[in-house]
*Asks:* 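Mind having a look at this structure? Questions to follow.
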2 protein chains.
Amino acid sequence: MSKPDIVFVAKLAGVSPATVSRVINHPDQVRAGTRRKVELAIEKSGYIRNRAALAMHGKRSATIGVVIPTLANTIFAEVIQAFNETVSAQGYTMLLASHGYDLEVEFKLTRKLLEHRVDALVLVGLDHHPGVFRLIGEQPVPCLAIWNHAADAALPCIGVDNREAGRIAAEHLIALGHQDVALIFPETTENDRARDRMMAALDAFRATGTEIRTDRQIRVPYSVAQAKSACITMLQRPDRPSALLCCNDVIAQGAVYAAARLGIPVPSELSIIGIGDFAGSAQMEPALTSVRIPAQSIGVSAGHEILRAIETGDQAAIRSSRIDLELVMRGSTGIAPRLR
Amino acid sequence: MSKPDIVFVAKLAGVSPATVSRVINHPDQVRAGTRRKVELAIEKSGYIRNRAALAMHGKRSATIGVVIPTLANTIFAEVIQAFNETVSAQGYTMLLASHGYDLEVEFKLTRKLLEHRVDALVLVGLDHHPGVFRLIGEQPVPCLAIWNHAADAALPCIGVDNREAGRIAAEHLIALGHQDVALIFPETTENDRARDRMMAALDAFRATGTEIRTDRQIRVPYSVAQAKSACITMLQRPDRPSALLCCNDVIAQGAVYAAARLGIPVPSELSIIGIGDFAGSAQMEPALTSVRIPAQSIGVSAGHEILRAIETGDQAAIRSSRIDLELVMRGSTGIAPRLR
DNA sequence: AATAGTCTTGCAAATGTTTTCATAAAAAAT
DNA sequence: ATTTTTTATGAAAACATTTGCAAGACTATT
């Protein structure tokens, strides 16, 4: 009664296991009559082939391992969705793991995915546990870093230049005349994306002679709720800044709500800019100005590159690419109050 | 140079493959000295055990298949995250597939996951392709439907009663005196959650003698952008309703933004209620009134039940449970204008 | 020092499938 | 009708691992 295997089906159809295998994998190699018999037996027995046995044969496992920091908010939803659509169209399934912004955990998960003999590996960002680099150096598995791009990256990568993202955001505020800006960022020690953006933003302001004081640098996790309450606290102080530069749109959305709650008019009294242009940002009122990260494109190209690397068997075949950022000016930023 | 296997490691350590296997799986069964030798050889060779071979032995594959409608918006992010955290703590990895609200695709994906010999299967909702029911009837795999709960369900299920959700939302609006209500829902043919909510809402209004006209029933996909623009169109008509009952918070968020855009004061002129209480809903201004679906609880209980079923090997062991809904009254709903 | 008992370890079988090679059957050519 | 060619099928090896069994190596007990 327990799950029928290929030899059970073969007996039922009165043929050899080899023939059953051929019906499944090379149907054209078997005579129509036999094929029908076998197909009937498969149908009747409810046979489902065991991919594990297949994978043991050096065949593809038809799985792609994907390790992301979190599933909890919108940040990676769009890339992953696009990536998944691309590869699943070719019959691949995603083994998805999330590490909660802990690179030690990321290492363990990566190892586990390799145990499953994923045909390829996708990671987010360029900063990883040394063990991760060792693993992908040793294992013959195509590996791709997404979201980030850097010319000198240790890994093939498809994504944006986060330093540029931080710079674009900062320069937009600078161009609007903002001098007193607060930076709302998460903890950056295990998050290279956030770190790059912040450093570039600080540099951009420094280049205009403005040093952003540390009490203008707020630490907050990626959470609309926590961002909102942190911003409320900060914006209630008498010397509030004229603009908020947020590490991503999750935080920026929280900031917009905070301003709304306090009745601070945006953008006339307070400008808010995010990074990412996540779903919903364009619809907010006021709509959020953001540095657009084309998640869709990243996911799709990543999918194609991975597929190509798997098909050709050449793990070095992955082409890195830098996806262009774009400043999307919307209603949440405006000229600094002091200039009017 | 190609990936070392267990016999390579065995040779390197000067022991038999069996001993290497034991070092990995039953370390206490091997003498400390030998163990160290083997561990060194594993380390040195960069050996990673092949789970496929393991799975072939009737062992666990240590994967759990999860099929969801979409990854693209927040809807399922929280459940999946909670579920994943729960099961990954026990060493399981998620094979995640999304079908884009197409039950035919869902069937194919389910089949594929079974080929991978997932140790358990999680689906969303109770409505499925007949093939899905056949598969899970034939395969000895614990299967659990999440998000929905119904007493007479064909599958073990952990979730909420979506009819109740629709009813609670409707009755809240009724209690506030709203008689002219619009329903903003997605296509319901392949989405039992949406269908149940809508039917129950219509019934609730009918019970008070109000029949909701079909031109008050708007069809819109789950997208903030599309919901917003559809609502803008509708709210601009001279005979706009006094309340909007939205199938979920994604749509409701779009509705709130639509009202903001048009300058319609919420809730004094227009009440908006959602279902789900997704991330961000509580932070909006005005904060969104919603029927809370405790995604976190659902994910965690689902995880525990699945783990129990896997460990005990008893697929019938999964206990269904109905998770309680809760009306969360916030700023987006208020007394109907005609009563003031 | 001998015996019994306890640990360690290796051998070999088993797992489910694919594929190469050989053979049998059918089709085509004479 | 016979031979040649082509096509379809089966037998068996291979894949990487685990585990029951048996034998060998210790340890403890007398």
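Every chain is numbered from 1, with letters handed out A, B, ... down the list of sequences. Since this is a predicted model, take the numbers as computed values, not measurements.
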*Asks:* Atom CD1 of B:Ile42 to atom P of D:dT17: distance rounded to whole Å?
*Replies:*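 The answer, rounded to whole Å, is 10 Å.
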
*Asks:* Taking the side chain of B:Ala18 as its heavy atoms from C-beta onward, which of D:dT19, C:dG16, D:dT18 lies nearest to it?
*Replies:*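 Among the listed nucleotides, the one closest to the side chain of B:Ala18 is D:dT19.
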
*Asks:* When rounded to the nearest 0.5 angstrom, what distance separates CD1 in A:Ile298 from CD1 in A:Ile80?
*Replies:*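 One gets 10.5 Å once the value is rounded to the nearest 0.5 Å.
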
*Asks:* Could you tell me how far apart A:Gln29 (CD) and D:dT6 (P) are, to the nearest whole angstrom?
*Replies:*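 The answer, rounded to whole Å, is 16 Å.
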
*Asks:* Can you see whether A:His129 engages A:Glu106 through a side-chain donor-acceptor pair at a distance of less than 3.5 angstrom?
*Replies:*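 No - no donor-acceptor pair under 3.5 Å links their side chains.
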
*Asks:* Rounding to a whole Å, what distance do you find between A:Ile24:CD1 and C:dT18:P?
*Replies:*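 In whole Å, C:dT18 P and A:Ile24 CD1 are 6 Å from each other.
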
*Asks:* Strictly by side-chain hydrogen bond (donor to acceptor under 3.5 Å, both in side chains), give each pair with a member in residues 296-307 of chain B just once, sequence neighbours left out.
*Replies:*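 Checked against side-chain hydrogen bond (donor to acceptor under 3.5 Å, both in side chains) - neighbours excluded - the pairs reaching residues 296-307 of chain B are B:Glu305-B:Arg308, B:Glu305-B:Arg319.
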
*Asks:* On the nucleotide D:dT19, are OP1 or OP2 found under 4.0 Å from the side-chain N or O atoms that B:Ser21 carries?
*Replies:*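 Looking at the OP1 and OP2 atoms of D:dT19, neither is under 4.0 Å from any side-chain N or O of B:Ser21.
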
*Asks:* To the nearest 0.5 Å, tell me how far A:Arg51 CZ sits from A:Thr93 OG1.
*Replies:*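 The distance works out to 7.0 Å.
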
*Asks:* Please evaluate residues B:Tyr92 and B:Arg60 with respect to the criterion side-chain contact (heavy atoms from CB on, under 4.5 Å), reporting the C-alpha separation (whole Å), side-chain torsions for both, the decisive distance (0.1 Å), and the verdict.
*Replies:* CA-CA 10 Å; B:Tyr92 288 85; B:Arg60 313 262 121 91; 3.6 Å; yes

*Asks:* Check whether any side-chain nitrogen or oxygen of A:Asn25 sits under 4.0 Å from OP1 or OP2 of C:dT18, and answer yes or no.
*Replies:*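 Result: yes.
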
*Asks:* Heavy atoms only, 4.0 Å cut-off, all strands: where does B:Tyr47 land among base, sugar-phosphate and nothing?
*Replies:*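 Sugar-phosphate contact only.
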
*Asks:* Quick one: is B:Lys59 getting a side-chain N or O under 4.0 Å of the C:dT15 phosphate, OP1 or OP2?
*Replies:*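 Indeed not, no polar side-chain atom of B:Lys59 lies that close.
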
*Asks:* Do the side chains of A:Asp127 and A:Arg193 get close enough for a salt bridge, i.e. N-O under 4.0 angstrom?
*Replies:*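 So A:Asp127 does not pair with A:Arg193 through a salt bridge.
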
*Asks:* Please report, rounded to the nearest Å, how far the C1' atom of C:dC11 is from the CZ atom of B:Arg22.
*Replies:*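 Checked: the CZ to C1' distance equals 10 Å.
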
*Asks:* Using every non-hydrogen atom in the two residues, find where B:Ser98 and B:Pro69 come nearest and quote the distance to one decimal.
*Replies:*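 Closest pair (atom of B:Ser98, atom of B:Pro69, distance): CB-O, 4.1 Å.
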
*Asks:* Quick one: do A:Thr70 and A:Tyr101 satisfy side-chain contact (heavy atoms from CB on, under 4.5 Å)? Show the steps, please.
*Replies:* CA-CA 7 Å; A:Thr70 180; A:Tyr101 293 96; 3.8 Å; yes

*Asks:* About how many Å separate CG of A:Leu54 and NZ of A:Lys59, when rounded to the nearest 0.5 Å?
*Replies:*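 Reported to 0.5 Å precision, the distance equals 7.5 Å.
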
*Asks:* Is there a donor and acceptor pair, one atom on the side chain of B:His57 and one on the base of C:dA14, closer than 3.5 Å?
*Replies:*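 In this structure, the two groups form a donor-acceptor pair.
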
*Asks:* Does anything in residues 107-119 of chain A reach DNA chain C, meaning a heavy atom under 4.0 Å, and if so which residues?
*Replies:*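 Going residue by residue through residues 107-119 of chain A, none turns out to have a heavy atom under 4.0 Å of DNA chain C.
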
*Asks:* By nearest heavy atom, map B:Gly58 and B:Arg35 onto DNA chain C; which one lands nearer the 5' end?
*Replies:*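 Upstream on the strand: B:Arg35.
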
*Asks:* Taking 4.0 Å as the cut-off, does a side-chain nitrogen or oxygen of A:Thr34 come that near to OP1 or OP2 on D:dA8?
*Replies:*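 Looking at the OP1 and OP2 atoms of D:dA8, neither is under 4.0 Å from any side-chain N or O of A:Thr34.
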
*Asks:* Figure out the CD1/P separation between B:Ile48 and D:dT17, and round it to whole Å.
*Replies:*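 Rounding to the nearest Å, CD1 of B:Ile48 and P of D:dT17 are 11 Å apart.
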
*Asks:* Within this structure, what is the CZ-to-C1' distance between A:Arg60 and C:dT19, rounded to whole angstrom?
*Replies:*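 Nearest whole value for this atom pair: 16 Å.
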
*Asks:* Could you check which of D:dA16, D:dA12, C:dT17 has an atom nearest any side-chain atom of A:Asp5?
*Replies:*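 So the nucleotide nearest the side chain must be C:dT17.
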
*Asks:* How long is the straight-line distance from CG of A:Asn73 back to CD of B:Gln81, given to the nearest 0.5 Å?
*Replies:*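 B:Gln81 atom CD to A:Asn73 atom CG measures 8.5 Å (nearest 0.5 Å).
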
*Asks:* Counting the atoms with a prime plus P, OP1 and OP2 as sugar-phosphate, which does A:Val7 contact under 4.0 Å by heavy atoms, base, sugar-phosphate, or nothing?
*Replies:*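 No contact.
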
*Asks:* End-to-end bend of the helix from C:dA1-D:dT30 to C:dT30-D:dA1 (five-pair axes, 10° rounding)?
*Replies:*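 Comparing the axis at each end, I get an angle of 30°.
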
*Asks:* Have a look at A:Thr19 and say if it touches a base, only the backbone sugar-phosphate, or nothing, with a 4.0 Å heavy-atom cut-off.
*Replies:*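 Sugar-phosphate only.
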
*Asks:* Do any side-chain nitrogens or oxygens of A:His26 fall under 4.0 Å of OP1 or OP2 in C:dT19?
*Replies:*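 Yes, because at least one side-chain N or O of A:His26 sits under 4.0 Å from OP1 or OP2 of C:dT19.
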
*Asks:* Select one nucleotide: of C:dT9, D:dA16, C:dG16, the one nearest the side-chain heavy atoms of B:Arg31.
*Replies:*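 For B:Arg31, the side-chain atoms sit closest to C:dT9.
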
*Asks:* Please report the distance, rounded to the nearest Å, between CE in B:Met56 and P in D:dT18.
*Replies:*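 Between P of D:dT18 and CE of B:Met56: 12 Å.
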
*Asks:* Please report the interatomic distance SG(B:Cys157) to CD1(B:Ile146), rounded to the nearest 0.5 Å.
*Replies:*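 Taking SG in B:Cys157 and CD1 in B:Ile146, the distance rounds to 11.0 Å.
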
*Asks:* In whole Å, what is the span from the CZ atom of A:Arg49 to the P atom of C:dT19?
*Replies:*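 In whole Å, C:dT19 P lies 11 Å from A:Arg49 CZ.
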
